[in-house]
> 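My questions will all concern the structure given below.
Source: prediction; values computed, not measured. So that the names make sense, note that chain A is the first sequence line, chain B the second, and so on, each numbered from 1.
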Protein chains: 4
Amino acid sequence: MSERQLTPNRLEAFTDGVIAIIITIMVLELKVPAREVSNGEALIHTLPMLFIYLLSFVQTGIYWVNHHYMIHEVKRVTHGLLWANLFFLFTLSLIPFGTMWAGERGLTSFSVALYSVCCVLPAVTWNLLSNAICRSGGKHVAGSGRTAKQVLSGCLYLAAIPTAYFSRIAAIACIGAVAVMWLIPPKEIRELSRQPLS
Amino acid sequence: MSERQLTPNRLEAFTDGVIAIIITIMVLELKVPAREVSNGEALIHTLPMLFIYLLSFVQTGIYWVNHHYMIHEVKRVTHGLLWANLFFLFTLSLIPFGTMWAGERGLTSFSVALYSVCCVLPAVTWNLLSNAICRSGGKHVAGSGRTAKQVLSGCLYLAAIPTAYFSRIAAIACIGAVAVMWLIPPKEIRELSRQPLS
Amino acid sequence: MSERQLTPNRLEAFTDGVIAIIITIMVLELKVPAREVSNGEALIHTLPMLFIYLLSFVQTGIYWVNHHYMIHEVKRVTHGLLWANLFFLFTLSLIPFGTMWAGERGLTSFSVALYSVCCVLPAVTWNLLSNAICRSGGKHVAGSGRTAKQVLSGCLYLAAIPTAYFSRIAAIACIGAVAVMWLIPPKEIRELSRQPLS
Amino acid sequence: MSERQLTPNRLEAFTDGVIAIIITIMVLELKVPAREVSNGEALIHTLPMLFIYLLSFVQTGIYWVNHHYMIHEVKRVTHGLLWANLFFLFTLSLIPFGTMWAGERGLTSFSVALYSVCCVLPAVTWNLLSNAICRSGGKHVAGSGRTAKQVLSGCLYLAAIPTAYFSRIAAIACIGAVAVMWLIPPKEIRELSRQPLS
């Protein structure tokens with residue numbers, strides 16, 4: 001009977017597939033300017049979008065990396081967990097939408113604010129997923145270091161929304177700070193998360 | 001010689017790949033309005049499509065969840081089963097088409113009716129697949145609770161087709177009701193499908 | 001040292017991924033007519049393309065099914081086999097291109113002939129891949145029944161190219177005949193390929 | 001505790017997924033000319049792009065083949081390795097962008113130079129990834145033959161950038177030479193890399 005239950009491996013493989021597609025289709029949104037525009041102008045026009053693509057790639061990459069750490073805590077795949085995960089993937093798929101919007105309508109204040117909203121949503125559903133795992137018998141996913149980092153990330157994303165109307169660069173810097181924070185983990189967290197593994 | 005036979009795992013992995021792509025490419029259909037449209041209008045224009053995308057995401061998610069329960073009953077992968085599965089995936093890939101149609105031509109009565117047709121088709125091929133599994137030696141996939149739910153889903157999808165010409169909201173509500181029905185299973189079915197697993 | 005060698009499983013998983021994408025992205029080519037066209041006309045305009053999509057889906061599905069039977073014969077993944085497989089996948093990815101061409105420029109004689117060429121190419125590279133597997137130590141992939149079927153398929157695809165200029169329907173029928181031939185295998189072949197497995 | 005660590009298999013599966021998507025979505029960039037253009041002209045217009053698509057397919061294929069050989073040396077998946085791999089995938093996803101640019105704006109000197117830049121970038125990040133694997137305890141990935149080939153590839157890609165402004169054909173020939181070099185390995189390297197495996 002237990003063979004009817006979904007294993008964490010299967011959930012992980014499907015999630016990997018969806019994240020691989022999300023992270024890759026964004027390159028299709030790097031619109032190439034029409035032939036009338038000169039090469040120099042066309043490249044200058046593309047550079048901000050290339051940066052936003054890099055930012056979205058890193059955001060999605062952070063979720064991919066953390067999803068694995070989280071899923072490894074899962075003991076039992078329940079109906080609720082399955083749907084919490086699908087709900088998380090849905091919100092994650094809005095990052096390409098935010099990226100597309102900025103690409104199509106330019107990096108206006110509104111575009112940057114909308115992009116920030118698209119970054120907040122997966123952070124929220126990530127917490128729902130994290131709670132669903134706790135309820136289904138997994139240990140609490142990580143120590144206080146990781147939790148503090150998650151709360152700080154959420155706050156930075158939220159802060160980016162109004163900030164976009166004062167300074168678009170400051171708003172993008174907020175989102176970029178989250179990326180850097182997860183790319184180069186502070187020393188304590190690095191020890192916390194890597195020493196026990198070796 | 002038995003190594004020439006496809007294992008259920010392989011069938012499942014390919015199906016997962018196709019479903020992961022179907023569920024994700026729909027976000028590419030969230031067309032961003034042109035720069036001439038104001039931000040407020042552009043967002044209002046996008047909201048119904050975002051809702052249809054969510055609906056399509058959930059419909060596809062339901063099939064993904066149930067496909068696993070079903071495939072676990074499979075003992076022998078036959079030629080017929082392979083093609084029944086491919087036929088099911090073909091009809092499932094029409095859900096993005098229905099979503100695209102609504103996105104391109106607006107949520108008219110015709111669009112909603114066509115979207116309902118795109119929801120009916122995988123429900124039909126799902127039954128063909130389910131029968132192919134029974135014939136190839138699998139047990140009947142589920143108890144009467146699940147079967148009743150499938151019949152009710154099919155009826156709601158079918159009812160949505162003519163309803164779209166009287167009220168688009170009512171038709172979408174029919175399809176949404178199916179989604180809710182599978183997301184929050186009634187108590188009996190939840191016990192039926194989860195208790196024996198633990 | 002043997003761990004540096006690619007296993008057939010890995011080759012298969014990558015091939016499955018590429019085929020899953022090829023088979024699914026074609027739905028993005030089902031262009032939805034603009035709002036100016038009436039619903040009835042729009043649907044009539046879409047129907048031939050829907051049929052071509054179904055045909056391409058089945059063609060790709062046939063290769064997926066047969067790829068598995070073939071790969072199971074592989075004992076050793078060599079450099080040549082790896083590239084023969086990638087070359088096959090390249091030609092297979094031209095089926096969406098042929099489908100797109102027909103979708104964009106209509107089902108003219110030229111479109112149908114080009115589509116036939118796109119069907120001939122993977123049939124040719126399939127034979128190269130089949131030979132590469134034989135050379136790398138696999139048994140000859142199948143009995144005379146399967147080989148005869150492959151030769152006949154190739155001939156029907158080739159015949160469809162000039163036929164398209166006399167009758168587009170006849171050319172599409174040639175290609176459709178190949179699909180039907182593999183979907184409903186003749187009795188002898190069905191026994192040949194299924195009895196030893198059970 | 002060790003179960004919290006990502007295995008090389010998982011890293012590989014995700015990388016395979018992303019590369020499968022990169023290699024396949026490029027076919028969507030084979031734009032079909034509008035109906036006004038005659039069939040002959042349309043085909044002639046498409047041929048150079050078809051060649052560039054083949055070139056990009058082979059470039060990406062080379063990385064796929066080599067990624068497997070490299071990953072097999074990995075003993076421990078560290079945080080740094082994970083991000084070195086994601087960074088490599090990001091630069092690899094710029095190959096479709098370079099392909100799209102050439103497709104949209106024609107095979108001008110600038111397009112060919114930009115395409116060459118898109119080929120140089122993954123070669124650079126590939127070396128970073130290779131170093132990250134060495135630091136995380138893997139043996140040096142390959143003998144001097146392979147390293148020489150990598151350096152030569154990098155030089156040919158770099159040389160293609162200025163060459164594009166003198167002769168586009170010569171620049172494409174440089175990039176094509178890299179492809180041929182990896183497709184048909186010289187005898188010494190073939191023995192070096194294949195004899196120990198058998």
> So that I know where these two stand, are C:F110 and C:Y165 an aromatic pair - ring centroids less than 6.0 Å apart?
no

> Is the C:W101 to C:Y115 ring centre distance short of 6.0 Å?
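Ring centres of C:Y115 and C:W101 not closer than 6.0 Å.
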
> At a 4.5 Å cut-off on heavy atoms, which part of D:S56 comes close to chain C: side chain, backbone, both, or neither?
neither

> Counting only heavy atoms closer than 4.5 Å, note whether D:A13 contacts chain C via side chain, backbone, both or neither.
neither

> Where does C:L114 contact chain D at under 4.5 Å (heavy atoms): side chain, backbone, both or neither?
side chain

> Do the side-chain N and O atoms of C:S153 and C:W182 include a donor-acceptor pair separated by under 3.5 angstrom?
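There is such a pair between these side chains.
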
> I want to check something: taking the side chain as every heavy atom from C-beta on, are C:Y157 and C:C119 in contact at a cut-off of under 4.5 Å?
yes

> Taking side chain as everything from C-beta outward and backbone as N, CA, C, O, which of these in D:I21 sits under 4.5 Å from a heavy atom of chain C? Side chain, backbone, both or neither.
both

> Could you have a look at D:I25, D:L30, D:I19, D:N39 and say which one has the most heavy-atom pairs with chain C under 4.5 angstrom?
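Winner by heavy-atom pair count: D:N39.
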
> Return the option, out of D:L28, D:L50, D:I23, with the maximum number of heavy-atom pairs under 4.5 Å with chain C.
D:L28

> Within the structure provided, determine whether C:S130 and C:M70 are in side-chain contact (heavy-atom separation under 4.5 Å).
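When only atoms from C-beta onward are counted, C:M70 and C:S130 do touch, with a gap below 4.5 Å.
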
